Amino acid sequence: MSKQQTLADILQQQGITRRGFLKFCTAMASLMALPPGMAPAIADALSKAMRPSVIWLSFQECTGCTESLTRSDKPTLESLILGAISLDYHHTLQAASGTAAEAAREQAMEQFFGKYLLIVDGSIPLKNNGAYSTIAGVSNLQMLQDVAKGAAAIVAVGTCAAFGGLPHANPNPTGAVPVTDIIKDKPVINVPGCPPIPVVITGVLAHYLTFGTIPDLDERHRPISFYGDNIHDRCYRRPFYDKGKFAKSFDDEGARKGWCLYELGCKGPTTHNACATVKWNGGVSFPIESGHPCLGCSEPDFWDAGSFYKPLAEPTVDASTIAGAAIAAGAAAGLGYGLYDHHKRKKAQQEHKKVTVEDLGDQT
Amino acid sequence: MTEIELLSWLRGPGFQISVAIFVFGLVYRISQNLALGRKKNLAAPRGNSFSAGLNTIWRRSLFHEGMSYRGYFTLIAGYTFHLGFLVTLFFLSQHIIMFRSIFGFGWPALPPAIIDITALIGMAALVAVLIHRIQDPVLRKLSDYQDYLAWALTFLPLASGFMLVHPMEISYTLLLCLHIIFAEVLLIVIPFTKLSHMISIFIARWYNGAIAGYKGVQS
């Protein structure tokens, strides 16, 4: 595909009708919380957009994010949009390997300096000079810094790139950090999730292609249109929470009736993502709809936030040992105080000198 | 520190610290009270001091004839607050989950709609007693910072908890953190402020009744 082709040309070649394209643009406008009138503007901008060069760097990751994007059961418009970008470097997806692959990256960096999009998945290890993860002998840290220099914007895809994710979990043996810990002088868009919802990634790309800017972000660099609400507030099981109807186990009557999964450890209330509205697998369902509590995978440090199956209201630790020790210490301290007081009184009694009338007589 | 990190700390080490200080403080206050001892009473007892003490614990909780308007207000508002607070604390399903994890057993919860009412009643009674405290010139003079601190530390967990179960424009995680912080601070200060009355009220009343009972006086 030539880089001079517009998105409209590419989509047309792939058999996407104008109607299908407009439907996609309307859906995108709605997802990005834009007014409905923006759909034609998106269509107009997208159809004229040139294929942007994208460099995709995979660091300490499990390839789940790439899998999530590419393994949809049928080709969707979103995946075609993704296909319409010029993915110049992605060492899992590209055909080239070794020196040729690295050469493609370097060429893209040079040719589109200041214009290419950098997508990162995976965290960056810092311990031992980043020796835990290298590509072609270059540490992840070095490669990120080099490629970021010429990037127009950086998209940190997945919880590992956005917040450190699993590699960052206690005790973090590799000293893993997210992209935002390293890159301070470029706009970074975090698209967390383990993995993130594919349409959220395409939504961010579509926004960039349409407006040439990055979407509105929250304080954690997440697009507000996708991460503005928590799962709990948008969950279709929320009415059961409000009524106090909870599934107590995975196979009880409450679970069969589709009641709230809060008591089974659902982290929906503390998790910001679009799962409850956009859903997965082409809108089929999302974890809670399948009967499993939300793990909170798009939040920082979700691996270290206690068991996935412990309700949010439950302490993550046992306090009985420490409470037992506190009882013993409290009793000892109280009795010790009593003994001290007893001793003080006894001493005062012993030191007490009787005052005689004669003693008083001298003063009068 | 992220909100999730703060929440993890509050549900872990923060919880252990506050429980440890609460338990230590309460046991210390009780054992200190008991260990202080009293001088041996050489007079022959004229009645049973133990049962008279128990009787006083009960009788002082009752309305009785000849109470002043102020007395009625204190008693009614006091009861209303305590009932609202304790029902909310012990019968909200999320709280029962916590108690079950601590004690190993739970009990049936009340529907959230009822807990909403008990929490609102508790807060309304707290506001009423605060207004009374400020308006009444004698009570105002008798009040020191600790009275207002105790009021705030009791009101805040209720208010933050109420906000938590109703959709708000504030982050749920942040509200949950605040709610737990308020609850844990309350636990920590209870033994060392007037809030230790949750235990000492029984000791003090029993002691008053026991003295009277020993002398054969009906308390």
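All chains are named by letter (A, B, ...) in the order of the sequence lines, taking the proteins before the strands, and each is independently numbered beginning at 1. The structure displayed is predicted, hence computed values, not measured ones.
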- Task: Report yes if the distance between the aromatic ring centroids of His292(A) and Tyr309(A) is under 6.0 Å, otherwise no.
- Result: yes
- Item | When Ala323(A), Ala331(A), Gly244(A) are compared by non-hydrogen pairs under 4.5 Å with chain B, the top option | Ala331(A)
- Message: Can a side-chain donor-acceptor contact be found between Asp318(A) and Ser320(A) if the only test is distance below 3.5 angstrom?
- Response: yes
- Under 30°, 30 to 60°, or over 60°: which ring-plane class applies to Phe81(B) and Phe85(B), parallel, tilted or perpendicular? tilted
- Task: Counting only heavy atoms closer than 4.5 Å, note whether Lys310(A) contacts chain B via side chain, backbone, both or neither.
- Result: both
- Ranked by heavy-atom pairs below 4.5 Å to chain B, first place among Ile327(A), Ile322(A), Asp242(A), Asn230(A) goes to Ile327(A)
- Note on the structure: Ordered numerically, the heavy-atom neighbours of chain A under 4.5 Å found in residues 11-30 of chain B are Arg11(B), Gly12(B), Phe15(B), Gln16(B), Val19(B), Ala20(B), Val23(B), Phe24(B), Val27(B), Tyr28(B)
- Note on the structure: Counting heavy-atom pairs under 4.5 angstrom with chain B, the leader among Glu263(A), Lys267(A), His272(A), His232(A) is Glu263(A)
- Task: Counting only heavy atoms closer than 4.5 Å, note whether Tyr262(A) contacts chain B via side chain, backbone, both or neither.
- Result: side chain
- Message: If we count only N and O atoms by modelled type, under 3.5 Å, do the side chains of Ser143(B) and Arg133(B) hold a donor and an acceptor together?
- Response: yes
- Message: Just so I understand: if I count every heavy-atom pair under 4.5 Å between each of Thr321(A), Thr271(A), Leu312(A) and chain B, which residue has the most?
- Response: Leu312(A)
- Item | Segment of Glu314(A) engaging chain B (4.5 angstrom heavy-atom cut-off) | both
- Between Phe99(B) and His95(B), ring centroids under 6.0 Å: no
- Item | Check: Ser171(B)/Glu3(B) side-chain N/O donor and acceptor closer than 3.5 Å | yes
- Item | Engaged part of Tyr241(A) at the chain B interface, taking heavy atoms whose separation is under 4.5 Å | both
- Close contacts, residues 177-206 of chain B versus chain A, judged by heavy atoms under 4.5 Å: none
- Message: Below 4.5 Å, heavy-atom pairs only: which of Ala328(A), Ala313(A), Ala325(A) has the largest tally toward chain B?
- Response: Ala313(A)
- Which bit of Leu7(B) comes within less than 4.5 Å of chain A, counting heavy atoms only: side chain, backbone, both or neither? side chain
- Task: Would you mind checking which part of Leu339(A) comes under 4.5 Å of any heavy atom in chain B, side chain (CB onward), backbone (N, CA, C, O), both or neither?
- Result: neither
- So which part of Asp301(A) gets closer than 4.5 Å to some heavy atom of chain B, the side chain, the backbone, both or neither? both
- Task: Answer with yes or no whether the side chains of Gln60(A) and Ser123(A) bring together a donor and an acceptor at under 3.5 Å.
- Result: yes
- Message: Nearest 0.5 angstrom please: Leu164(B) CG to Leu92(B) CG, how far?
- Response: 9.5 Å
